[in-house]
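Atoms within each ligand, like the ligands themselves, are counted from 1 in listed order. The basis for the numbers below is simple: all heavy atoms, side chains too, and nothing from hydrogens, waters or symmetry mates. Position 1 is the first residue of the sequence; numbering continues from there.
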Amino acid sequence: MAKQAKVDSREVGLVAGLNLFNFFLGTKDLHYGLWSDDLPLTVQNLPQAQKRYSDFLIGHFPSGVKTVLDVGCGAGGVATELLSRGYQVQGVSPSPLLSEAAQNQAGDDFLIHHGRFEDVEFSLDDKFDLVMFSESFQYITLDVVLKKAESLLNPGGHIVICDFFKRNTPGKSIVGGGHKFDDFIKELEHSGLKVLQDIDITAETAPNIDLVDQMGRELILPTMKLIGYTFKANRPLLSKIFSWKFRKKLDKIDYKYLSGERTAKAFADYKIYKFYLLQKQD
Ligand SMILES: C[S@@+](CC[C@H](N)C(=O)[O-])C[C@H]1O[C@@H](n2cnc3c(N)ncnc32)[C@H](O)[C@@H]1O
């Protein structure tokens with residue numbers, strides 16, 4: 001029997017988050033929300049904050065854009081919104097589970113190219129007015145991503161990147177992810193793409209980390225405690241073996257999600273969240 005390919009743990013995290021938030025809040029978006037003082041930071045307001053993010057993103061598209069490639073389309077939330085506003089949209093998705101959710105949500109008009117952006121082979125006719133990376137840029141190999149995106153553009157076409165990067169700050173961030181910002185800037189300068197817009201949205205996105213921290217302390221911790229308590233009481237030997245075997249993983253989860261150190265400030269100290277609108281020069 002053929003061996004099943006390993007599943008990426010980041011993909012598992014995204015799908016688990018999708019199921020949880022979809023069940024409790026009815027949101028199928030996988031990006032951060034945009035927060036401001038008029039929107040209290042509660043998990044119930046997350047769908048509204050995510051909608052603000054999508055509106056911000058799409059609101060910065062230049063006029064005249066008709067065709068969009070949504071790279072790393074997640075569960076299809078942004079693509080669905082784009083289709084409803086009359087854009088023609090195709091997606092790229094390496095995750096079978098997310099692709100299924102995206103196809104169901106966005107419908108049959110949404111063509112998905114299955115695979116990593118780095119690997120997908122596009123036909124010569126596949127050209128777009130705009131190639132978009134909504135919180136997916138950080139997952140894609142840096143020295144490939146801009147060149148490949150540019151090769152898929154119509155003359156004068158645009159690239160939108162909305163994602164966070166690692167600042168050049170000493171020490172280790174408790175929040176993972178993001179290309180090094182300095183490396184990105186070098187790639188951007190070499191690319192010859194023209195920067196039309198460059199907006200720092202770190203302050204508006206960082207509060208999401210406080211929400212995740214709150215969920216860790218108020219939902220995940222009590223649930224884990226309850227499971228641990230029952231397991232220890234009912235299966236003492238198995239519980240000991242499990243705790244010993246997975247001690248490093250459990251310590252890591254404890255530190256990352258339950259230590260209270262995962263805060264908006266910790267995010268903003270180590271990450272910079274940027275919106276870029278770039279244009280191909282012909
Ligand atoms: C945080 S989610 C963002 C989803 C969506 N763009 C949104 O704004 O809700 C990251 C997405 O990047 C995708 N992704 C990860 N690695 C990728 C790669 N190498 N090429 C294309 N997409 C990738 C994931 O499958 C996921 O859909």
Side-chain angles (χ1 to χ4, degrees), residues 5-22 25-34 46-61 68-83 87 89-106 110-122 126 128 130-149 152 159-165 175-179 201 204-205 208-209 211-212 267 271 273-276:
K6 277 197 169 179
V7 179
D8 185 339
S9 61
R10 291 186 302 182
E11 181 186 331
V12 175
L14 287 172
V15 176
L18 172 71
N19 291 338
L20 188 74
F21 287 122
N22 186 26
L25 301 169
T27 170
K28 288 187 179 165
D29 280 329
L30 281 177
H31 48 247
Y32 285 23
L34 272 195
L46 181 65
Q48 207 181 325
Q50 288 179 314
K51 167 110 180 50
R52 286 184 178 192
Y53 168 98
S54 303
D55 287 345
F56 167 84
L57 191 70
I58 301 168
H60 282 83
F61 282 14
V68 178
L69 180 67
D70 179 358
V71 182
C73 58
V78 179
T80 304
E81 183 62 30
L82 286 168
L83 286 162
Y87 292 96
V89 193
Q90 297 184 17
V92 176
S93 172
S95 156
L97 293 172
L98 289 176
S99 301
E100 194 185 327
Q103 197 74 72
N104 286 341
Q105 188 178 190
F110 185 45
L111 173 82
I112 301 178
H113 301 266
H114 298 278
R116 295 160 72 235
F117 183 59
E118 296 91 322
D119 306 328
V120 170
E121 286 181 22
F122 291 88
D126 286 326
F128 303 88
L130 188 145
V131 175
M132 176 180 78
F133 301 88
S134 164
E135 259 178 51
S136 54
F137 193 81
Q138 60 179 278
Y139 296 93
I140 303 169
T141 315
L142 188 55
D143 58 6
V144 174
V145 60
L146 289 179
K147 282 185 210 90
K148 185 153 182 177
L152 294 167
I159 296 174
V160 159
I161 300 167
C162 202
D163 207 343
F164 64 82
F165 299 85
V175 182
H179 290 300
I201 53 169
E204 291 85 351
T205 49
N208 289 284
I209 302 298
L211 267 193
V212 175
F267 178 83
K271 312 283 174 181
Y273 200 127
K274 288 279 214 161
F275 169 89
Y276 282 100

Enquirer: Does ligand 1 have any atom sitting under 4.0 Å from a heavy atom of Gly77?
Expert: no
Enquirer: Provide, to 0.1 Å, the distance between atom 16 (N) of ligand 1 and the closest protein heavy atom, together with that atom's residue and name.
Expert: Tyr139 CB, 3.2 Å
Enquirer: Show me which atoms of ligand 1 lie under 4.0 Å from any heavy atom of Leu30.
Expert: 1 (C), 4 (C), 9 (O)
Enquirer: Would you say ligand 1 has an N or O under 3.5 Å from any N or O of Glu135?
Expert: no
Enquirer: Could you tell me the separation between the CG atom of Asp29 and the CG atom of Leu46, rounded to the nearest 0.5 Å?
Expert: 8.5 Å
Enquirer: Given Cys162, Gly72, Ser134, identify the one with the heavy atom nearest to atom 8 (O) of ligand 1.
Expert: Ser134
Enquirer: Return yes if a side-chain donor-acceptor contact under 3.5 Å exists between Thr205 and Tyr53, otherwise no.
Expert: no
Enquirer: Going by atom types alone, do Glu135 and Tyr273 pair a side-chain donor with an acceptor below 3.5 Å?
Expert: yes
Enquirer: Under 4.0 Å, heavy-atom basis, I'd like to know which part of Leu98 is in contact with ligand 1: side chain, backbone, both or neither.
Expert: side chain
Enquirer: Just which atoms of ligand 1 are under 4.0 Å from any heavy atom in Phe117?
Expert: 18 (C), 20 (N), 21 (C)
Enquirer: Is the cationic atom of Lys274 (NZ for Lys, CZ for Arg) positioned less than 6.0 Å from the six-membered ring centroid of Phe164 and within 45 degrees of its normal?
Expert: no
Enquirer: Quick one: nearest non-hydrogen protein atom to atom 7 (C) of ligand 1, plus distance?
Expert: His31 ND1, 3.5 Å
Enquirer: What atoms of ligand 1 come closer than 4.0 angstrom to any heavy atom of Glu118?
Expert: 18 (C), 19 (N), 20 (N)
Enquirer: If you measure only the distance, is there a donor-acceptor pair under 3.5 Å linking the side chains of His113 and Gln90?
Expert: yes
Enquirer: Between Val92 and ligand 1, does any nitrogen or oxygen pair lie at a separation below 3.5 Å?
Expert: no
